[in-house]
Amino acid sequence: FTLGLVTTSLALHAPSQIAASVKKYAHQAGYQVLISMIDEDVNQSIQDSINELKSQRVEKVIINIPLESAEAERIFENNRDILCLFLDVDPTSPVFNVCFNPADGSRASMEYLLGLGHQEFALLAGPDDSVSSRLRLQSWQETLAERGIAPVTIVHGDWSAKSGYYSALQMLRETPQFTAILVGNDQMALGVISALHQHNVAIPQQVSIIGYDDTYDSAFFHPALTTVSLDLDLQSKEAVAHLLAEEKEEMPSKVLPARLVVRNSTS
Ligand code: IPT
């Protein structure tokens, strides 16, 4: 038996960790995994990928691509001959999904910094076309708005360390009055750390940083990164279990919690 995984770039740490875990849990259940990575450069569509998998007799597919609810519903409707489970949609979307609660981790990280006395926040979000990125940003903003605080600046990166590096340089140049930077993922946080080191900004003494994901490397950043931990291995395990369940009704969509892990990049 074969499961399909349609995924966004595996150059990104979180999706590659998910792919490794999906493969592990599928194998344990006696399934093979065929992976199709969407290549944005050649404008390959998700439907092309699904068709490719269908031609290899795949009947159940995990889709780890950031999708708006309408787009995910359309994919679901157009592929009723197979079972699709989504990992990166709004958890309230009606499609079959296993996703993280986008609000709890973002809120916890902002509240933690507020509790430490921070008032001047720079927000470095992921790309605007990712629903998870937008929901994380929205939750930071809501938590600040409840206290009447406006962020010093909001910048968008593309999830890569390089974009985190250049975004942090831009912040230091244009709006340097922040004491904390909330970052949409750990890879961008890695770039932020590098830019601050280069400009002799002490972390956490002058600027605190919180990432998002808690991928395997994050505890080994310097300083060790405080971050919102997503249990990507659990998400993969649940996704495989949901997809392989005989009766779909027995395993409806599931929302997983995210939690703050405090390390050394905050004070
Ligand atoms: C999400 C990661 O948090 C982010 O770092 C980036 O890798 C993104 O995926 C790529 O699409 S995790 C996703 C399951 C919401």
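Atoms within a ligand are numbered from 1 in the order they appear, just like the ligands themselves.
- By the ring-ring contact (aromatic ring centres under 6.0 Å, His included) test, F1 is found to be paired with Y31, residues two or more places apart in sequence or in another chain being considered.
- Residues that satisfy the side chain to side chain donor-acceptor pair (under 3.5 Å) test with S109, not counting sequence neighbours, are absent from this structure.
- With respect to K237 and D231, no salt bridge is recorded, no charged nitrogen being found less than 4.0 Å from a carboxylate O.
- Taking a 6.0 Å sphere around CD of Q198, one finds it holds more than 12 heavy atoms contributed by other residues, nucleotides or ligands.
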For ligand 1, output the ligand-protein N/O contacts shorter than 3.5 angstrom; if there are none, return none.
{"from": "ligand 1", "atom 1": "3 (O)", "to": "R136", "atom 2": "NH1", "distance (Å)": "2.9"}
{"from": "ligand 1", "atom 1": "3 (O)", "to": "R136", "atom 2": "NH2", "distance (Å)": "3.0"}
{"from": "ligand 1", "atom 1": "3 (O)", "to": "D213", "atom 2": "OD1", "distance (Å)": "2.4"}
{"from": "ligand 1", "atom 1": "3 (O)", "to": "D213", "atom 2": "OD2", "distance (Å)": "3.3"}
{"from": "ligand 1", "atom 1": "5 (O)", "to": "N185", "atom 2": "ND2", "distance (Å)": "3.0"}
{"from": "ligand 1", "atom 1": "5 (O)", "to": "D213", "atom 2": "OD2", "distance (Å)": "2.6"}

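- To the nearest 0.5 Å, atoms CD1 (I193) and CE (M188) are separated by 12.5 Å.
- In this structure R147 satisfies the side chain to side chain donor-acceptor pair (under 3.5 Å) test with no other residue, sequence neighbours excluded.
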